[in-house]
J.: 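Have a look at this one.
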Amino acid sequence: MRSSSQLSWRWTSYLCLLSILCALFTPAVMVKENDFKKCSQSGFCKRNRAYADHVEIQGAAWQAPYKISSDKASFKDGQFQATILKTVDDDGRTVTLPVTVSFLKSGAARVTIDEEKRQLKDIELRHDSSARKERYNEAEKWVIVGGLTLDKDATVAQQSETGMTVKYGPDSSFEAEIKYAPFGIDFKRDGAVQVKLNDRGLLNMEHWRAKVEKAEPEKAEGEDGEKQENKAEPAEVPAYLDEGTWFEETFGGNTDTKPRGPESVALDITFPGYEHVFGIPEHTGPLSLKETRGGDGNYNEPYRLYNADVFEYILDSPMTLYGAIPLMQAQRKDSTVGVFWLNGAETWIDIVKAKESKNPLALGLGSKTSTHTHWISESGLLDVFVFLGPTPQDISKTYGELTGTTAMPAEFAIGYHQCRWNYVSDDDVKEVDRKMDKFKIPYDVIWLDIEYTDEKKYFTWDPNMFADPVSMGKQLDDHGRKLVVIIDPHIKNTGGYHVIDELKSKGLAVKNNKGNDFEGWCWPGSSMWVDCFNPAAIKWWTSLFKYDAFKGTLENTYLWNDMNEPSVFNGPEVTMPKDNLHHGGWEHRDVHNINGMTFHNATFEALLSRKKGELHRPFILTRSFFAGSQRLGAMWTGDNQASWEHLGAAVPMILAQGISGFPFAGADVGGFFGNPELELQSRWYQAGAFYPFFRGHAHIDARRREPYMAAEPYRSIITAALRLRYSLMPSWYTAFFHAHRDGSPIIRPMYWTHPSEESGFAVDDQFFVGTTGLLVKPIVEKEKVTADIYIPDNAIYYDYFTYEKLSTHQGKTVSIDAPIEKIPIVMRGGHIFPRRDTPRRSTQLMKFDDYTLVVTLGKDLTAHGELYVDDGDSFDYQKGQYIHRVFDFHQWVLTSTAAPSDEGKNLREGDWLKKFHDVSFDKIIIIGAPSSWEGKTEIEVLSGGKKTKVPFHFNKAEGSRAAFATVGRIGARVGADWEIDFA
């Protein structure tokens with residue numbers, strides 16, 4: 001029998017959990033902003049902002065305290081090394097900060113600043129902490145995968161006691177002018193300054209100092225001989241030196257002990273002449289980032305990067321969300337530059353734009369806007385990469401070399417995913433699967449949220465509702481479909497559960513600041529968290545996914561990692577205390593933004609090792625992410641709402657992910673919270689059909705809204721959008737190939753595709769799909785039946801569905817009809833893109849279908865395109881088992897030839913290539929066909945030395961509709977060279 005104290009404790013626990021869950025399930029209209037810090041509530045952010053204010057007030061009188069002694073500077077083999085001396089008091093006492101500037105073969109430059117005293121571990125920790133004494137220096141281990149080879153051809157162009165200039169990069173066209181006193185660096189391209197570090201003197205590395213206990217105020221002797229308290233006011237301390245949060249900080253009832261004291265790093269980075277900056281996801285505002293120091297239409301808060309479980313997030317805000325990629329790009333006409341701030345701690349970024357004139361007497365002539373940014377992180381190294389472009393493609397490629405590119409996905413992963421919280425049983429899943437087939441609605445994956453488990457214990461099944469998961473998985477497999485189940489990083493802390501027992505016994509959980517296993521609250525109640533920074537934890541984690549361990553899973557079972565910020569319901573800001581300890585003694589504050597990626601990585605490794613010899617490409621969706629997460633799977637924008645406003649916010653958010661190196665991104669179609677009206681649901685499916693990651697999802701309290709449940713005409717509208725996605729699957733897969741190869745976005749904003757057209761830089765509600773020339777502008781407003789599409793160039797554009805030739809003007813918008821049944825899509829002339837026009841119920845069933853080529857002729861009657869195809873499942877493409885074709889229409893001849901990446905392959909055909917051998921092009925549609933083709937009824941295809949006559953049909957122009965021609969059935973193999981002469 002339990003004692004009364006045990007029962008009391010148990011009831012208290014239950015009531016605590018109940019109150020938490022009730023709060024979570026209570027309908028809300030908006031996130032509770034007070035649960036999350038503002039800059040003024042984050043000690044290091046407040047201090048550094050105050051530091052910036054102090055510097056601005058000082059103006060020209062400001063003397064930055066960071067200087068390099070020329071006798072401590074050297075340059076060798078592409079690397080500059082020196083010591084920065086930080087003056088810390090009026091007596092001239094200094095702190096030593098080693099600095100390294102590395103010039104890389106990729107054309108990037110890297111600036112790293114550390115703190116010698118911490119490097120040498122010559123500090124004392126408070127509270128008997130077992131934390132590491134150094135600044136966190138292992139972010140590179142998790143993030144960087146290449147691109148660090150030094151440019152040994154870099155040369156010193158100039159050197160003096162005041163600084164050094166280094167030439168590097170392609171044709172030595174880049175320069176770094178390193179200034180010694182005060183320390184700063186100007187990065188130039190072709191002689192013009194593009195990026196400035198510490199131009200405004202805001203560099204601030206909070207050095208270690210011991211906590212000095214304040215003595216009690218002295219008491220003076222009064223006239224009566226009694227001691228009286230001295231009333232003298234203490235000298236006012238500048239806000240940037242306020243010690244109030246140096247060693248301890250409290251927010252929301254939680255206290256952060258800060259055993260290492262203050263250790264923030266901050267730096268101002270200026271983009272002279274650049275008005276637009278992009279990137280630093282994840283936030284809900286426009287793609288072109290806003291100013292953050294107030295003013296009309298601006299934010300009053302800095303952009304915050306601190307991965308958190310933000311319940312029903314608000315729109316148009318710099319507030320933190322689930323992920324963080326500290327990559328920023330700046331754009332002006334024909335020039336793109338960027339910076340990557342490699343730091344996994346909480347980070348804030350201020351942005352200010354200022355009009356500047358080269359000649360103050362020019363009365364505004366020649367004035368330009370420069371963007372001033374201020375980066376502030378709580379701990380770690382100051383570690384920043386500078387990219388000098390000059391194109392957006394250069395930034396994407398160089399960043400991709402450093403952090404890796406998008407993993408080549410399994411083909412099913414870019415199909416449609418059907419999800420809700422929660423399908424209630426294995427029979428429910430089977431019935432949804434049957435009904436999708438009954439209504440001829442294509443999909444590839446069905447998902448299970450947390451309710452499939454036995455009492456929220458991961459790696460288990462509810463014994464009543466999911467009594468036969470194997471039969472469920474087999475039915476899906478028979479239909480060419482996959483199952484995704486959720487596995488989160490919190491492990492239920494309950495007796496008799498082998499996973500928690502092993503986690504504890506092996507010592508693989510995250511620790512609290514005392515070194516004991518950290519316990520917090522999440523969906524299962526009392527929980528502990530896997531420390532995936534620990535290699536031993538990763539090894540153990542992978543063992544849990546083996547088929548004989550996670551019984552009920554099959555080879556078509558894949559994973560969803562949610563809540564990995566990590567989400568801790570009773571923790572500060574709904575996450576883990578910053579003074580928790582991870583493997584190696586690092587504090588959680590050091591690694592917070594990297595944490596989600598380590599869990600994502602552990603699950604990725606697990607899916608590679610479920611069975612010996614099984615090498616399916618993993619698919620894992622993550623909510624939390626950092627730079628480098630793109631190597632591991634997909635992300636989505638989290639808990640959005642079923643509203644038109646959230647539909648409109650999704651495209652800029654997904655575009656920001658794409659230009660920041662993580663393009664496999666999507667938003668919950670239909671909205672997670674709430675019940676979308678049928679018009680909104682239909683428009684969201686039309687938009688979602690052009691998200692790289694395409695998933696419908698809904699909250700447990702939302703009504704069922706599978707596509708077949710929609711009343712007509714909406715069911716047909718949604719089905720048409722899904723079928724369009726599947727018909728364009730070859731183009732989507734080719735776009736993913738490009739992203740995997742060179743880091744390019746999958747859906748591309750106007751500034752990325754047209755960096756010369758300034759009027760398009762801020763356009764973020766439309767996009768091009770890969771290299772197809774398809775320009776899409778989703779409808780995101782209620783009862784909107786037209787779309788105003790911005791045209792970034794003087795090319796010809798055709799309506800995708802009607803072939804209408806649009807009357808367009810560069811830099812202007814064109815209005816097209818967009819009734820509820822139509823998605824606004826136009827085709828840019830000069831492109832060739834592949835489709836598969838036979839609708840199937842999954843990508844698995846389309847693998848050996850023939851292709852259609854769509855050719856949209858440009859003004860010069862030329863066009864170009866590509867097709868990449870492999871088995872869509874294994875890693876055999878890394879061994880050359882793929883087909884990559886280039887299509888060209890030039891001087892009346894259409895050709896298909898091997899792409900450079902496909903040339904010179906001399907391999908034996910693997911199983912897939914043998915099966916794919918006879919897959920052919922069924923037909924070709926040529927839009928903008930010349931009138932001289934009228935009257936032709938057949939045409940010759942030359943392939944393999946043989947000429948074959950095939951049918952040809954010409955459709956002359958009618959009204960605004962362009963002339964078009966159809967060739968078919970051509971029967972030319974996808975993997976073979978062929979040509980058609982239309983002359």
Side-chain angles (χ1 to χ4, degrees), residues 41-51 54 64-67 83-99 113-138 203-218 230 232 234-251 254-267 343 345-346 376-382 511-515 572 577-582 584-592:
Q41 297 167 307
S42 179
F44 76 94
C45 182
K46 181 179 180 181
R47 292 194 301 274
N48 279 284
R49 251 194 166 191
Y51 188 77
H54 172 75
Y66 296 85
K67 299 178 181 179
T83 298
I84 297 174
L85 298 177
K86 174 188 177 183
T87 303
V88 296
D89 57 30
D90 293 338
D91 296 329
R93 189 171 62 90
T94 60
V95 168
T96 303
L97 307 172
V99 58
I113 305 177
D114 203 340
E115 180 182 350
E116 185 177 72
K117 198 171 185 67
R118 296 188 201 256
Q119 264 187 340
L120 298 175
K121 304 180 185 179
D122 185 22
I123 67 171
E124 297 174 4
L125 301 184
R126 302 174 63 246
H127 313 296
D128 297 319
S129 173
S130 58
R132 289 281 281 270
K133 295 183 177 182
E134 306 100 307
R135 287 181 174 273
Y136 181 63
N137 55 21
E138 294 185 358
L203 171 62
N204 187 31
M205 292 194 70
E206 292 187 316
H207 58 280
W208 182 81
R209 64 215 77 189
K211 179 174 173 59
V212 178
E213 300 297 338
K214 301 295 183 183
E216 289 293 323
E218 291 187 12
N230 193 333
E236 185 174 355
V237 176
Y240 63 88
L241 292 177
D242 180 12
E243 298 182 27
T245 54
W246 277 6
F247 301 100
E248 188 174 272
E249 189 166 356
T250 299
F251 179 80
N254 293 277
T255 298
D256 177 10
T257 60
K258 298 190 180 183
R260 296 187 306 226
E263 53 179 327
S264 73
V265 297
L267 179 69
N343 192 298
E346 178 185 352
I376 308 164
S377 291
E378 183 176 17
S379 64
L381 304 178
L382 193 158
K511 309 301 184 208
N512 63 21
N513 61 9
K514 303 298 184 185
K578 289 181 174 181
D579 53 4
N580 273 5
L581 295 172
H582 289 271
W586 299 113
E587 283 195 293
H588 185 72
R589 83 180 71 253
D590 301 317
V591 300
H592 175 85

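Quantities reported herein were computed from a predicted structural model and do not represent experimental measurements. Each residue takes its place number in the sequence, starting with 1.
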J.: Side-chain contact test, heavy atoms from C-beta onward, threshold under 4.5 Å: evaluate it for P259 versus F247 and give yes or no.
T.: no

J.: Is K511 reaching over with its side chain to a backbone N or O of L581, donor-acceptor style, under 3.5 angstrom?
T.: no

J.: For a 4.5 angstrom cut-off between non-hydrogen side-chain atoms, does N204 reach E206?
T.: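 A side-chain contact exists here, since the closest heavy-atom pair is under 4.5 Å.
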
J.: Ignoring hydrogens, what is the shortest heavy-atom contact between W246 and L241? Give both atom names and the distance.
T.: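 So the two residues come closest at CZ2-O, 3.6 Å.
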
J.: Measure the shortest side-chain to side-chain distance between P262 and R209 over non-hydrogen atoms and say whether it is less than 4.5 angstrom.
T.: yes

J.: Show the numbers, then the answer: is there a salt bridge (charged side-chain N to carboxylate O under 4.0 Å, His left out) between E587 and R260?
T.: CA-CA 10 Å; E587 283 195 293; R260 296 187 306 226; 3.6 Å; yes

J.: Tell me, with the steps shown, if K67 and L85 meet side chain to side chain contact (heavy atoms under 4.5 Å, CB included).
T.: CA-CA 5 Å; K67 299 178 181 179; L85 298 177; 5.6 Å; no

J.: Please report the interatomic distance CG(L120) to CD(E115), rounded to the nearest 0.5 Å.
T.: 10.0 Å

J.: So how far is it from N137 CG to L381 CG, rounded to the nearest 0.5 Å?
T.: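 One finds 6.0 Å between CG of N137 and CG of L381.
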
J.: Describe, in one word, how the ring planes of Y240 and H54 are oriented to each other, choosing from parallel (under 30°), tilted (30 to 60°) and perpendicular (over 60°).
T.: tilted

J.: Apply side chain to side chain contact (heavy atoms under 4.5 Å, CB included) to the pair K133 and R118, showing each step before the final yes or no.
T.: CA-CA 6 Å; K133 295 183 177 182; R118 296 188 201 256; over 6 Å; no

J.: Can a salt bridge be assigned to the pair D256 and R589 using a cut-off of 4.0 Å between side-chain N and carboxylate O?
T.: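 Salt bridge flag = yes for R589 with D256.
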
J.: Could you state the interatomic distance from NE2 (H592) to NE2 (H582), rounded to the nearest 0.5 Å?
T.: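 Answer for the NE2-NE2 pair, H592 versus H582, is 9.5 Å.
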
J.: Can you tell me how far CG of N513 sits from NZ of K578, rounded to the nearest 0.5 angstrom?
T.: 14.5 Å

J.: Does K117 use its side chain to pair, donor to acceptor, with the backbone of W208 at less than 3.5 Å?
T.: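 Pair absent, no side-chain N/O of K117 close to backbone of W208.
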
J.: Identify the two heavy atoms, one from E346 and one from S42, that lie closest to each other, and give their separation to 0.1 Å.
T.: OE2-OG, 3.2 Å

J.: Could you walk me through whether E263 and S379 satisfy the side chain to side chain donor-acceptor pair (under 3.5 Å) test, starting with their C-alpha distance in whole Å, then the side-chain angles of each, then the deciding distance to 0.1 Å, before giving a yes or no?
T.: CA-CA 5 Å; E263 53 179 327; S379 64; 4.7 Å; no

J.: Specify the closest pair of heavy atoms between A239 and A50, including all atoms of both residues, with the distance to one decimal.
T.: CB-CB, 3.6 Å

J.: To the nearest 0.5 angstrom, please state how far the CG atom of L203 sits from the OH atom of Y51.
T.: 7.0 Å

J.: Given T245 and K258, is the side chain to side chain contact (heavy atoms under 4.5 Å, CB included) satisfied, shown in steps?
T.: CA-CA 9 Å; T245 54; K258 298 190 180 183; 4.2 Å; yes

J.: How long is the gap from CZ on R135 to CG on L382, to the nearest 0.5 Å?
T.: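 Between atom CZ of R135 and atom CG of L382 there are 9.0 Å.
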
J.: Do the side chain of N343 and the main chain of A345 share a donor and acceptor less than 3.5 angstrom apart?
T.: yes

J.: For the residue pair D242 and R47, what are the closest heavy atoms and their distance?
T.: O-CD, 3.6 Å

J.: Check the pair H207, T96 against side chain to side chain contact (heavy atoms under 4.5 Å, CB included), reporting the backbone distance first and the verdict last.
T.: CA-CA 9 Å; H207 58 280; T96 303; over 6 Å; no

J.: Keeping the roles fixed (side chain from N48, backbone from I376), state whether a donor-acceptor pair exists under 3.5 Å.
T.: no

J.: Can you confirm whether K46 is buried at NZ, in the sense that more than 12 heavy atoms of other residues, nucleotides or ligands lie under 6.0 Å from that atom?
T.: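 No - once you tally the heavy atoms of other residues, nucleotides and ligands closer than 6.0 Å, there are 12 at most.
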
J.: Surrounding CG of D89 (heavy atoms of other residues, nucleotides or ligands, distance under 6.0 Å), is the total greater than 12?
T.: yes

J.: For the backbone of G43 and the side chain of E249, can you confirm whether one donor and one acceptor N or O come within less than 3.5 Å of each other?
T.: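 Between the backbone of G43 and the side chain of E249 there is a qualifying donor-acceptor contact (under 3.5 Å).
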
J.: Check whether R126 reaches the backbone of K211 with its side chain - one donor and one acceptor, N or O, closer than 3.5 Å.
T.: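 No: the side chain of R126 does not pair with the backbone of K211.
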
